[in-house]
Amino acid sequence: MIRRLCCLQSASPYPSVPLSTTIKKKPLVFLGAPQVSAIVLDALLNASASPHSTFEVAAIVTQPAARRARGKKLSLSPLATHALDRGFSSDLIFTPERAGEDTFLSNLKALHPQLCITAAYGNILPTKFLDIPSSGTVNIHPSLLPLYRGAAPVQRALQDGVKETGVSLAFTVRALDAGPIIATETIQVDDQIKAPDLLELLFHKAGSKLLTGELPSILDGSARVKAQPQDHSKATLAPKINADESWLSFDQEASVRAFSGWPGTRARVLVAEKNGQQKTLEIKIITTRVRSQSVQFDEADDVAFVDGALVFPCGRGTTLEVLEVQLPGKKAVNAAAFWNGLRGQKMKKL
Ligand SMILES: *[C@@H]1O[C@H](CO)[C@@H](O)[C@H](O)[C@H]1NC(C)=O
């Protein structure tokens with residue numbers, strides 16, 4: 001056995017230096033911020049650690065640390081937190097307010113990135129930025145472009161009740177989500193799925209796979225040639241969801257799914273007090289699940305309490321089960337604690 005190994009070794013015409021130290025790996029820069037971008041980074045770091053990888057993640061760009069809740073300490077973006085957990089050097093994590101800042105751009109230039117990759121980064125990339133990476137910038141966008149260009153593609157698609165959506169890997173150009181498409185993957189939309197879960201599915205299952213699969217062609221330039229220009233006449237927009245829209249309309253089951261999990265989803269309910277008066281409560285909906293089980297409601301608008309959940313009747317015979325709620329200025333509580341606090345007063349949806 002030992003002799004065979006020796007023979008194999010001496011027969012090899014190559015010096016026994018690992019490949020990675022003889023070939024300089026191509027530097028990539030990854031930009032993102034929320035948890036979904038951390039998932040993509042994870043896949044990218046795994047791929048770069050494989051013995052045959054020709055690239056490395058040279059730097060990460062993310063949003064500056066922010067206060068995620070009132071009175072809370074400054075916290076890093078989920079992407080930065082994940083990068084640090086995986087042993088990424090904090091010197092190589094950049095947090096510019098805007099991607100056009102001069103100091104940031106000169107730091108980026110100094111790395112000579114071959115490619116920049118964005119996944120839910122959230123800042124506009126100016127031409128001064130896009131000119132830096134030699135192979136360009138690519139973006140993972142959670143829709144089938146040219147459909148749902150913009151900040152809220154997943155929520156808008158759910159709101160429209162689409163049966164399928166997907167993820168696109170496209171070159172970044174100055175116009176929003178309008179660059180040539182390298183590859184797409186289609187996903188069937190389950191009618192129970194909610195926005196945060198669909199978002200994760202699109203980035204985790206489809207987006208990471210598309211990116212790592214296409215990286216070789218992007219780095220050798222063939223993706224540039226095969227990328228298909230978008231049909232701009234078919235483009236639709238998916239603008240950011242604003243606070244006014246965060247009021248839940250229980251009659252639109254699709255909007256319940258689209259907005260659940262979106263921070264700040266609120267609902268107005270009517271509580272019938274024992275003294276015959278009624279008061280309106282504004283509750284913030286923290287955790288939900290959508291079900292199509294049948295619940296007997298005393299009256300059409302009544303909210304019931306079943307299996308640890310506040311059950312709101314919605315459109316098309318479906319119900320929204322709310323597991324955690326928060327009253328203004330109070331701590332979030334589970335549905336049982338909230339229901340007990342009503343002490344038998346009836347609650348109706350408004
Ligand atoms: C990266 O590798 C780790 C360890 O093998 C694994 O647990 C993780 O799921 C991988 N991540 C992705 C996105 O594939």
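The figures here come from the full heavy-atom set of this structure, side chains too, leaving out hydrogens, waters and symmetry mates. Whatever order the structure lists them in is the order used to number ligands and atoms, beginning at 1.
Val40 and Val138 fall within a single hydrophobic cluster, where Ile, Leu, Val, Met, Phe, Trp and Tyr side chains are chained together by heavy-atom contacts under 4.5 Å.
By the neighbour-count criterion of 12 heavy atoms within 6.0 Å, atom CD1 of Ile124 is sparsely surrounded, having that number or fewer from other residues, nucleotides or ligands. Counting heavy atoms of neighbouring residues, nucleotides and ligands inside a 6.0 Å radius, atom NZ of Lys209 does not exceed 12 of them.
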Problem set entry | Candidate pair Ile283 and Leu327, rule side-chain contact (heavy atoms from CB on, under 4.5 Å), full reasoning | CA-CA 5 Å; Ile283 56 176; Leu327 286 169; 3.4 Å; yes
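Around ligand 1 you find Ile39, Asp42, Ala43, Asn46, each with a heavy-atom distance below 4.0 Å.
Across all non-hydrogen atoms, the minimal contact from Ala272 to Gln345 is O-CB, 3.3 Å.
A donor atom on one side chain and an acceptor atom on the other are not found under 3.5 Å apart for Ser48 and Glu56.
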